[in-house]
Enquirer: 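Here it is: the structure, laid out below.
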Amino acid sequence: MLTVKNLAVFYVTIFLPLISIVLLAPTKFVDSMTLIILLFVYAFIYRPLISGYRLILLGVIKKSDWIRNLIPFWNIRYYNLLFFNRT
């Protein structure tokens, strides 16, 4: 089973929604306000929660600490572990 513990799956999970949002921007399906709202939801809710879930699966943080990922730049200390799978 593929999980975000796998680095390739993690990259697809975080970049596919962002690419979808950017590709929808020039179309008439999404107006400017909706685009801004989607980008904020991605940056401040979706992305931190996916990163937190990966850190939980890797055993770096406890499940009770996942809410801290919503604090901006909190998980920057785990940058190498999240994106390069190095400690």
Enquirer: Same hydrophobic cluster for Ile45 and Phe73, using side-chain heavy-atom links shorter than 4.5 Å among ILVMFWY?
Expert: no
Enquirer: Just wondering, do Tyr46 and Thr13 contact through their side chains at under 4.5 Å, heavy atoms?
Expert: yes
Enquirer: Sub-3.5 Å donor-acceptor pair from the side chain of Thr34 to the main-chain atoms of Val30, do we have one?
Expert: no
Enquirer: Is there side-chain contact between Ile50 and Asn69, with heavy atoms separated by less than 4.5 Å?
Expert: no
Enquirer: Strictly distance-based, threshold 3.5 Å: is any side-chain N or O of Arg54 a donor or acceptor partner for the main-chain N or O of Phe10?
Expert: no
Enquirer: Could you state the interatomic distance from CG (Leu55) to CG (Asp65), rounded to the nearest 0.5 Å?
Expert: 10.5 Å
Enquirer: Tell me, please, whether Trp66 has Arg68 positioned over its six-membered ring: NZ or CZ under 6.0 Å from the ring centre and within 45 degrees of its axis?
Expert: no
Enquirer: Roughly how far, to the nearest 0.5 Å, is CD1 of Ile19 from CD1 of Ile14?
Expert: 10.0 Å
Enquirer: Around atom OH of Tyr78, are there more than 12 heavy atoms from other residues, nucleotides or ligands closer than 6.0 Å?
Expert: yes
Enquirer: Can you find a pair of side-chain heavy atoms, one from Ile36 and one from Phe40, that are under 4.5 Å apart?
Expert: yes
Enquirer: Taking a hydrophobic cluster as the set of Ile, Leu, Val, Met, Phe, Trp and Tyr residues connected by side-chain heavy atoms closer than 4.5 Å, whether directly or through intermediates, do Leu16 and Leu23 fall within one such cluster?
Expert: no
Enquirer: Val22 versus Leu35: any side-chain heavy-atom pair under 4.5 Å?
Expert: no
Enquirer: Measure across Pro48 and Ala43 and return the closest heavy-atom pair with its distance rounded to 0.1 Å.
Expert: CD-O, 3.4 Å
Enquirer: Report yes if the side chains of Phe44 and Arg47 come closer than 4.5 Å at any heavy-atom pair, otherwise no.
Expert: no
Enquirer: Out of curiosity, Leu7 CG to Leu81 CG, how far, rounded to the nearest 0.5 Å?
Expert: 9.5 Å
Enquirer: Report yes if some heavy atom in the side chain of Leu18 is under 4.5 Å from a heavy atom in the side chain of Leu39; otherwise report no.
Expert: yes
Enquirer: Keeping the roles fixed (side chain from Tyr11, backbone from Phe83), state whether a donor-acceptor pair exists under 3.5 Å.
Expert: yes
Enquirer: To the nearest 0.5 Å, what is the distance between CG (Leu70) and CG (Leu49)?
Expert: 5.0 Å
Enquirer: Output the distance between atom OG (Ser20) and atom OH (Tyr42), rounded to the nearest 0.5 Å.
Expert: 10.0 Å
Enquirer: Compare every heavy atom of Ser51 with every heavy atom of Leu82, then report the nearest pair and how far apart it is.
Expert: CD2-O, 3.7 Å
Enquirer: Is it true that Val12 and Leu57 fall in one hydrophobic cluster, defined by side-chain heavy atoms closer than 4.5 Å?
Expert: no
